[in-house]
Amino acid sequence: MEKFGKSQPVKRVEDHRFLTGDGRYVDDIAPRDALHGVFFRAPVAHGMITELDVDDAREAEGVHLVLTCADLEAAGMNIALPNTVVDNRDGSKGAAPLRPILAKGRVRYVGEPVALIVAETLQQARDAAELILFDADDLPAKMDLTPGGETLHDEAPDNRAFDWGMGDEDKVEAAFAKAARRVKLEVGDNRIIVNSMEPRGCYAEWADGRLHVALGGQGVWAHKNFFVKAFGLSEDNVRVTNPDVGGGFGMKAMTYPEYFCIAQAARALGRPVRWMSERTEAMLTDNGGRDLVSWAEFAFDENHKITAYRVDTRCNLGAYNSQFGQPIQSQLFSKVLMGVYDVQDTYLHVEGYYTNTVQVDAYRGAGRPEAIYVLERLMDRAARELGVDPWELRRINFIKPDQFPYTTATGELYDVGDFARLLIRAGQEADRAGFTARRTADAKRGLLRGQGLCYYIESILGDPSEGAKVVFEEDGSVTIYVGTQSNGQGHETVYAQFLSDQTGIPAERISVVQGDSDLIKKGGGTGGSRSVTTQNTATVATVAKIAEVFAAFLAEELGVAASDIAFDDERFRAEGSNVSPTMLEVAEMARAKGRDDLLSHHERASLPGRSYPNGAHVAEVVIDPETGVVTLDRYTVVDDFGNLINPMLAEGQVHGGVAQGIGQAVQERVVYDEDGQLLTATFMDYAMPRAADLPMISFTSEPVPSTANAMGMKGCGEAGTVGALAAVSNAVQDALWERGVRQADMPFTPHRVWEMLQGAAIAAE
């Protein structure tokens, strides 16, 4: 058997459970006697609270409890939600305002939680919420990404949260001064809403002073630490579980006010309490994504080689700071700032601003789509202004295979890559040679056809270490406990398949357990496309330990040296013996001998470096200039994910990611009015991609195995979205260019595209 996986396209074992209604989502497993929570939320975007009277709500039928921020403080809770403070360019700290669990004194965005009502039934809680008397002295809403306006936080009088920079500004300026050509482009990146299939939710219960919270998240350990701090509990007195999770996209990696309120309500009442977000509630309160504008510029020499690159970005943080790590628009953005191009002189400047909107944070591949979108839009514009084929301009500037390992200007160490090879394959798969004929045929029908290219690279982020525990059960099955968390990626199938490949244990006899901080003491959760590489690295370490101790046990039983016993991923074999037991058979031998110490094994392993999935996306669009309708006609992806465990699941993740990217490029856009009211708070107003909006997506694997892990794998979870935004946008720009449109920004709705065409026509008159 081949080591490190057979790369077989195995169907997902969990799908039967999901499709037959046996999924274990939060709302399915909450205790039957749990009370129901409903949140009263701020109806205005900005104001000083002058009245908050909850007495009538407390007296309403079926109501057990109403909590305000004052009640949380009286209970001794730490009401500060976690946040990250960014260092400014001058070395000072950025703003660090308090984000209270429930609004305290002031509300700062529509939907901010003000009070929690807990009742016997959901309808009773809703009815009681209507009885709350709330009033606020309205303050002007701050909605633009510029200094000034009504101050949201005293800590940031100009509403600037941070002013961050990276690179050598003077060196870059010198490179631009002597450049043969300079190309600059303003790139807008529209705000989007997550809209995971399963909205956020949780339930909480206490027993003997110990808290258990079940929530839909992307891991349990970060959440556990937050509860420890909020309630002042020991780690042993907090348990967090993640059942099945219906979509995360980075948004569910964060914590939220509701989880702490529900936990406190359960403590105060001595009964379980549950809460599930409704769809509009989710649109108002889930962390959003993107919402930034960048000014990017290349300096070229006379041979069209990029000599320097700089980006100036203004981003919207919403009303409060990000929670995990540096905000997406700064450090994560910088990880893939240079893409696949050989450029050493760079400078990135990012300013983050507070606005009266919900927090903007990680989602749909945080940092990667933003950075690659800016870079690849600018590359496309540069090709047009320089009169160079956009594919050739990328080839000229690619990092060459003999330059690896390659350290980028932002400090990333790329281990391997063969970008030109993938680009050639992409041209073949996309039938680039036939594009001119397709464009000519469309022109005869009065249609505009455009082709767009994006070459992306990701930097796999998150904790590089992970653990795997393998237990041989009495019934002959095997359980593997993992520190990552599936949000729909198919982990139960992939991890069982991988363990089977390494051990010969039939995959149908392997169960995967995830998302329980009692059963798994430490884990990094899922995010940053880390799961497969980190988790399976840990699995390899655990399997190696099992093979070692099982070999020693067999050596004792057979009376031979342990060095005479080998394991070939299916059976143990001893020199001079016809005994060749499987791993399961050795486990049964150990059990029969009373060696229970051999039946459970746990190892941790850490990746020595990041892996860098990369690839080319080629989109073709057809535009009807009379209506502005954009149709995705062809879409081709050639990816280097290194070695694959299950190509079918990798392709499925790419399809999903591309669909998300197309959604943002063509349809999705969050709209607030000048008063901070969300105008796109239902699916009547916020357009999501549908099956009819998507073409057949061609997927081809062209692996260059990573050297950063023993399996040669690279993450793939976010790759579809990372490449899709720029590929679609460049295709639309290509189609509109001949009509004089020089600035095409997402989303490409029919009305916006029609306006672009009309504006270009008027300008040409």
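When a residue number appears, it is its place in the shown sequence, counting from 1.
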Short side-chain to backbone donor-acceptor contact, Asn159 and Leu152, under 3.5 Å: yes
Any side-chain donor near an acceptor of the partner, Glu473 and Thr479, under 3.5 Å: yes
Mutual orientation of the aromatic rings belonging to Tyr320 and His153 [parallel < 30°, tilted 30-60°, perpendicular > 60°]: tilted
All ring pair (Phe, Tyr, Trp, His ring centres under 6.0 Å) counterparts of Phe134, not counting sequence neighbours: Phe40
Value rounded to 0.5 Å, distance of CG in Leu72 from CG in Leu102: 5.0 Å
Pair Glu14-Thr493, side-chain donor/acceptor within less than 3.5 Å: yes
With Thr280 via side-chain hydrogen bond (donor to acceptor under 3.5 Å, both in side chains) - residues at least two apart: none
Contacts of type side-chain hydrogen bond (donor to acceptor under 3.5 Å, both in side chains), residue Asp27, not counting sequence neighbours: Arg274
Contacts of Ala95 that satisfy side chain to side chain contact (heavy atoms under 4.5 Å, CB included) - sequence neighbours left out: Pro97, Glu155, Ala156, Tyr354
Donor-acceptor pair, side chain of Asp244 and main chain of Arg24, under 3.5 angstrom: yes
Residues in ring pair (Phe, Tyr, Trp, His ring centres under 6.0 Å) contact with Tyr672, at least two apart in sequence or another chain: none
Nearest-0.5 Å distance that lies between atom OH in Tyr256 and atom CD in Gln359: 7.0 Å
Asp208 side chain vs Arg210 backbone, donor-acceptor pair below 3.5 Å: no
Lys NZ or Arg CZ of Arg279 over Phe683 ring: under 6.0 Å, within 45°: no
Results of side chain to side chain contact (heavy atoms under 4.5 Å, CB included) for Asp71 - residues two or more places apart only: Arg58, Leu67, Thr68
Asp53 (side chain) donor-acceptor with Asp55 (main chain) under 3.5 angstrom: yes
Arg271/Glu120 salt bridge by N-O under 4.0 Å criterion: yes
Nearest non-hydrogen partners of Pro31 and Pro272, listed with the distance: CG-CB, 3.9 Å
Modelled atom types, side-chain donor and acceptor of Asn316 and Thr355, under 3.5 Å: yes
Side chain to side chain donor-acceptor pair (under 3.5 Å) partners of residues 30-41, not counting sequence neighbours, each pair once: Arg41-Glu258, Arg41-Glu281
Carboxylate-amine/guanidinium contact Glu198 Lys252, below 4.0 Å: yes
Trace of the side-chain contact (heavy atoms from CB on, under 4.5 Å) decision for Val245 with Gln218: CA-CA 8 Å; Val245 179; Gln218 293 176 222; 5.8 Å; no
Lys/Arg N to Asp/Glu carboxylate O, Asp22 vs Arg17, below 4.0 Å: no
From CZ (Arg200) to CG (Asn287), nearest 0.5 Å: 7.5 Å
Interatomic spacing from CD in Glu492 to CG in Asp15 - rounded to 0.5 Å: 9.5 Å
Main-chain N/O of Gly483 paired to Gln535 side chain as donor or acceptor, under 3.5 Å: yes
Set of ring pair (Phe, Tyr, Trp, His ring centres under 6.0 Å) partners for His64, sequence neighbours left out: none
Parallel, tilted or perpendicular, as decided by the 30° and 60° cut-offs, for the rings of Phe226 and His223: perpendicular
Listed partners of Glu150 passing side-chain hydrogen bond (donor to acceptor under 3.5 Å, both in side chains), at least two apart: none
Sidechain-backbone polar pair: Thr84 side chain, Gln323 backbone, donor-acceptor under 3.5 Å: yes
Ring pair (Phe, Tyr, Trp, His ring centres under 6.0 Å) partners for His601, two or more places apart: Phe550
Residue pairs passing the side chain to side chain donor-acceptor pair (under 3.5 Å) test where at least one lies in residues 227-243, sequence neighbours excluded: His212-Thr241, Ser234-Asn237, Arg239-Asp516
Val471 vs Tyr481 side-chain heavy atoms within contact, under 4.5 Å: yes
Option passing side-chain hydrogen bond (donor to acceptor under 3.5 Å, both in side chains) with Tyr495 (candidates Thr484, Asn536, Thr539): Thr484
Derivation of the side-chain contact (heavy atoms from CB on, under 4.5 Å) call for Leu269 and Val118: CA-CA 10 Å; Leu269 295 171; Val118 180; 3.8 Å; yes
Residues which pass side-chain hydrogen bond (donor to acceptor under 3.5 Å, both in side chains) with Ser606, listed by chain and number, not counting sequence neighbours: none
N/O donor-acceptor pair under 3.5 Å between Ser277 side chain and Ala282 backbone: yes
